[in-house]
Structure formats: structure tokens, C-alpha cells
Asks: 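Got a structure for you, questions after.
All heavy atoms count here, side chains included; hydrogens, waters and symmetry mates do not.
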Amino acid sequence: MIIKLIKKVIRKLIFLINPVFYARRLGVDIGFNCRIATDKFGSEPYLIKIGNNCSITRGVTFVNHDGGVWIFRKDNENFDIFGKIVIGNNVYIGNETTILPGVTIGDNCVIGASSVVTKSIPSNTVAAGAPIRYICKTEEYFNKTKEKNINTKGKKDKKKIILENIDEKGIIKGELNPKK
């Protein structure tokens, strides 16, 4: 019991120190330049592949088996179904999203927070919902959002800039987004 608890604490510490190393140690295949903020890789993490330049945010859950087949085990005690999960390159997956077995998310995709990804998502797509549904192409998303960009990434006075330029409708562009 105590050894089990110690192992759990050590795993949590490894995750907190280096989440990518933690996921790789579990067996997840992860590309380079990825941000990982979840430790929920399911019971078969070796069935998960994450491409390059991906952001997997807090609370994302990977489910790589169909637990519902448990009800058939009275007739076949070994009944199991598994599915790979493949995440392409340059993908953002929002907080608390659940990804089900057999799903592929293509390159250059945005998956909205709290989505339930029940089917594969083609490249260059923004999708969200429970169950997931198509929202728009990533190029459309960029065009819709670029007017709201205020270029604060990496700036020391980010908080001040945001607080000075926000109203009840969201962030106002103003002169903070010079056209280049």
C-alpha cells in the first residue's frame, strides 16, 4: 500500500517536472516542440501518437479502449476493443477534451475546449462540441481572429495592455496591431 502510494507520488512529480518525458515514459509517441499539460493517457498509452508542435492542454483525456464491452464478458471473459489515437502536426486541443479510440486529428487543427472527439477530424479544421462537429477551416478562424490580435506574447506589460484595451465585448484592436 505504501509502496503504491510512493510510486504514485513519484509519477506525479515526474509529470510536474517534465510532462513530455512523463508521457514518453508511459509509451506515448510524441514529436518535437510539444506542450503537454495532461497526464490522462488511458490504459494503453502506447496506442497514442502526437505529432510535432502540438499543444495538449489541461485535462485532455485519451481513451484508447471501449470499456462498454464489459457487458459482454459474461459470455466472453476476454472481450476487448482498442483503437489508436493519432494527433497530427501543429494541433491545439482545448482544456478538458476527451478523445475516443480510433480517432485521427489531422494537421493544423484546433479542437475547442470540452469537446468529445468521437470521429476523425480532417487537416486544417476547427472543430468543437460534444459530440464534436465542424466549425470552420483554420484559415477562416485566422481571418476571423486576426483583427482581435494585440500582440502581447512575450511582453512584460501584457496584463496592463490587456486591461487597458478590453471592454464588455472583448479585446479592442486599437493601434496595438499595426499592419505590417
Asks: Looking only at atom types and distance, does a side-chain atom of Thr97 sit under 3.5 Å from a main-chain N or O of Gly112, one as donor and one as acceptor?
Replies: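 Indeed, once roles are kept as given, a pair shorter than 3.5 Å links the two residues.
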
Asks: Give a yes or no on whether Ile3 atom CD1 has more than 12 heavy-atom contacts from other residues, nucleotides or ligands under 6.0 Å away.
Replies: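 Count not over threshold, so no.
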
Asks: Tell me if a side-chain donor or acceptor on Asn90 pairs with a main-chain N or O of Asp107 at a distance below 3.5 Å.
Replies: no

Asks: Do the ring planes of Phe41 and Tyr22 sit parallel (below 30°), tilted (30 to 60°) or perpendicular (above 60°)?
Replies: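 Taking Tyr22 first and then Phe41, their aromatic rings sit tilted (interplane angle of 30° to 60°).
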
Asks: Is any side-chain heavy atom of Arg73 closer than 4.5 Å to a side-chain heavy atom of Asp80?
Replies: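 The answer is yes; the side chains approach within 4.5 Å.
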
Asks: Does any N or O in the side chain of Thr38 come within less than 3.5 Å of the main-chain N or O of Lys40, such that one atom is a donor and the other an acceptor?
Replies: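 Present.
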
Asks: Just so I know, are the side chains of Phe82 and Asp66 near enough to count as touching, which here means a heavy-atom distance under 4.5 Å?
Replies: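 No, too far: nothing below the 4.5 Å cut-off.
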
Asks: Is it true that, when you exclude Glu140 itself, more than 12 heavy atoms of the residues, nucleotides or ligands shown sit nearer than 6.0 Å to its CD?
Replies: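 Check passes, neighbour count above 12.
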
Asks: Taking atom CZ of Arg25 as the centre, report whether more than 12 heavy atoms of other residues, nucleotides or ligands fall under 6.0 Å from it.
Replies: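 No.
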
Asks: Is there side-chain contact between Lys137 and Thr125, with heavy atoms separated by less than 4.5 Å?
Replies: yes

Asks: What residue among Ile93, Thr118, Asn64 forms side-chain contact (heavy atoms from CB on, under 4.5 Å) with Ile99?
Replies: Ile93

Asks: Could you tell me whether the side chains of Thr57 and Asn95 share a donor-acceptor contact shorter than 3.5 Å?
Replies: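 Note: Thr57 and Asn95 side chains meet the donor-acceptor criterion.
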
Asks: Quick check against the 3.5 Å criterion: does Asn124 have a side-chain atom that pairs as donor or acceptor with the backbone of Thr138?
Replies: no

